[in-house]
> 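Sending over a structure as structure tokens; questions will come in a sec.
Small disclaimer: the values here were computed from a predicted structure and weren't measured.
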There are 2 protein chains.
Amino acid sequence: MAKISKKELIIEQSRKSFSQLGYELTSLESIAKECGITKPAIYYHFKDKATLYKAVVCPEFTALAQKIEESTQIGNAVERLNAYIHTFGEFLISNPDFSAIFAREIANGSKTIPDECIEQLSRTIKQLINILHTGTSEGVFEEESPFLVQMMIVTPLISCHTTRPLRERIANFTQNEIIPLEPHFKNIIESLSKKIIKGLQC
Amino acid sequence: MAKISKKELIIEQSRKSFSQLGYELTSLESIAKECGITKPAIYYHFKDKATLYKAVVCPEFTALAQKIEESTQIGNAVERLNAYIHTFGEFLISNPDFSAIFAREIANGSKTIPDECIEQLSRTIKQLINILHTGTSEGVFEEESPFLVQMMIVTPLISCHTTRPLRERIANFTQNEIIPLEPHFKNIIESLSKKIIKGLQC
DNA sequence: ATAATTTTACTTACCGTTCAGTAAGGAGAA
DNA sequence: TTCTCCTTACTGAACGGTAAGTAAAATTAT
């Protein structure tokens, strides 16, 4: 059994709660309860709720930026863009709480994202800018706003996770129609990557 | 000057607040204040906060479904898909509060969306299913999950609006890099439409 | 036409609850 | 003894929602 500090335990439970309920509806007392401690114990480890949120969120963005940078170093522009998309998608698989947290931030104007995370995000964007620029220089990609490409990658993948209940409810209303079963997420990553690359190619 | 009932005024102010702050952070007292009335006056017109939210949200989804249905009747599959995407994009322009509200619902598992809205959403999805099916029958489109296509359309367009502050903050960190100015929204719609159609075509 | 009554559209005052955050103290380890 | 890591007990503010009352408009009765 791995030794896990109480501080780490608080962060893990908080991540689940922030992901499922969002920042506002997450109560520190319920987190404490699930950790088997009391609320002021959280205040012993973290200054306030916002600081706890940062402690949850920052490592995720840092890990994402790290993985993106590592995986998009080699290959031609098409290969690197493909790696960018797949790395992001697989990050969402291995960090199941990240989708909902990031989706809320996107919906929210990112008011609650600390600067440290923005810096990490800018690392990934820089990488994407580099890939796209290389691609246009090589004449394989049409010129396109990196922010648009980023949104074409990030938001559909994220919302695959967050819209599951929505899709189920919609499917109830479209009974008579034949709705193809949703493919597994790895197929979605692959499918999205192909389409985006195809859409960008000259 | 158009005659506007107080009930309509409450709905309009609520829409702004729900869009800017989200459901939880919207306080009925602040809405009342901006309408020049008191909180119980809202309760005279609406049973509770959730009912008020429905009154804000339902007409938007209905109008969207209506416009989508109208605009995607004629033409071949490519033209109809193009119309679908443009109609959705232009709806976001003429309903500036809708993006944030919908984005929050997507992030949220759509817990607070009433069934009435889901029904309207299913109308638009049915239309998209029809378009894609026609396209594959005609051999112009590859087969693809309508939900994925829907997300490729909806989420980037929505997040164009909600991520504006995020993009600005990111741009601050990438000073030294050349970040192309973000194109205007109509160009984004056009650009996204082209890419999605290109990505889907055989 | 006018008086009586009811309904509309609110207001003031308040309740109960929830929640972030704090003060003070205590048990156990070093 | 002192530091770490917590607990008990609490404060203050905000919020959703309600009870009770009221001025003015609309409706009905005389």
Side-chain angles (χ1 to χ4, degrees), chain A residues 1-58 100-101 104-105 107-114, chain B residues 1-58 100-101 104-105 107-114:
Chain A
M1 185 163 138
K3 211 166 95 185
I4 183 169
S5 74
K6 205 138 264 183
K7 192 171 178 179
E8 280 301 320
L9 179 64
I10 293 169
I11 290 179
E12 270 186 34
Q13 291 294 342
S14 302
R15 184 167 45 231
K16 283 180 196 167
S17 186
F18 285 135
S19 169
Q20 283 166 25
L21 302 172
Y23 184 82
E24 320 300 340
L25 287 182
T26 289
S27 101
L28 297 185
E29 210 144 337
S30 72
I31 290 174
K33 208 172 191 176
E34 279 179 71
C35 293
I37 54 174
T38 59
K39 188 175 53 168
I42 295 177
Y43 281 90
Y44 173 77
H45 291 286
F46 303 96
K47 202 192 115 210
D48 53 18
K49 192 182 182 180
T51 305
L52 172 59
Y53 182 73
K54 284 179 195 174
V56 164
V57 141
C58 285
I101 290 175
R104 275 179 232 272
E105 286 295 347
N108 215 17
S110 317
K111 288 168 202 155
T112 46
I113 284 192
Chain B
M1 184 165 142
K3 212 166 93 185
I4 184 169
S5 74
K6 205 138 266 184
K7 192 172 178 177
E8 281 301 319
L9 179 64
I10 293 169
I11 290 179
E12 269 186 34
Q13 291 293 344
S14 302
R15 183 166 45 232
K16 282 178 196 166
S17 186
F18 285 134
S19 169
Q20 284 166 26
L21 302 174
Y23 185 82
E24 320 299 340
L25 285 182
T26 290
S27 102
L28 297 185
E29 210 143 338
S30 73
I31 291 174
K33 209 171 190 177
E34 279 179 70
C35 293
I37 54 174
T38 58
K39 187 174 57 168
I42 295 176
Y43 282 89
Y44 174 78
H45 290 288
F46 303 95
K47 201 192 118 211
D48 53 20
K49 193 181 183 183
T51 305
L52 172 59
Y53 182 72
K54 285 180 195 174
V56 165
V57 141
C58 285
I101 290 175
R104 276 178 230 271
E105 287 294 346
N108 215 17
S110 316
K111 288 169 202 153
T112 46
I113 285 193

> In whole angstrom, what separates B:K7's NZ from C:dC10's P?
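After rounding, the gap between these two atoms is 12 Å.
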> Would you find a donor on one side and an acceptor on the other, under 3.5 Å apart, between the side chain of B:S17 and the backbone of B:Q13?
no
> Tell me if the NZ atom of A:K47 is crowded by more than 12 foreign heavy atoms within 6.0 Å.
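Result for NZ/A:K47: open.
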> So do the side chains of B:I113 and B:V57 get within less than 4.5 Å of each other, counting heavy atoms only?
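B:I113 vs B:V57: side chains apart.
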> Run through A:T26, A:V56, A:I101 and flag the one making a side-chain contact (heavy atoms from CB on, under 4.5 Å) with A:S19.
A:I101
> Could you tell me whether the side chain of B:I37 reaches within less than 4.5 Å of the side chain of B:L9, counting heavy atoms only?
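In short, these two side chains do not touch, never coming nearer than 4.5 Å.
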> Using five pairs at either end of the helix from C:dA1-D:dT30 to C:dA30-D:dT1, determine the angle between the two local helix axes and round it to 10 degrees.
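Axis-to-axis angle, ends of the helix: 10°.
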> Between A:I10 and A:I31, which heavy-atom pair has the shortest distance, and what is it?
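Distance-wise, the nearest heavy atoms are O-CG2, 4.3 Å.
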> Which parts of residues 8-26 of chain A get close to DNA chain C, meaning a heavy atom less than 4.0 angstrom away?
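DNA chain C contact set from residues 8-26 of chain A: A:T26.
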> Where is the tightest heavy-atom contact between A:F18 and A:R104, given as atom of each residue plus distance?
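Minimum heavy-atom separation between A:F18 and A:R104: O-NE, 3.6 Å.
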> Would you say the side chain of A:Y23 lies within less than 4.5 Å of the side chain of A:K49, judging by non-hydrogen atoms?
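Yes, side chains in contact.
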> Minimum heavy-atom separation for A:T112 to A:N108, with atom names?
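So the two residues come closest at OG1-ND2, 4.2 Å.
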> Should the pair B:K7 and B:Y44 be classed as cation-pi, given the thresholds of under 6.0 Å to the six-membered ring centre and 45° from the axis?
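No; the conditions do not both hold, so B:K7 does not lie above the ring face of B:Y44.
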> Of the residues in residues 32-57 of chain A, which ones touch DNA chain C at a heavy-atom distance under 4.0 Å?
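Result for residues 32-57 of chain A: A:K39, A:P40, A:Y43, A:D48, A:K49, sorted by number.
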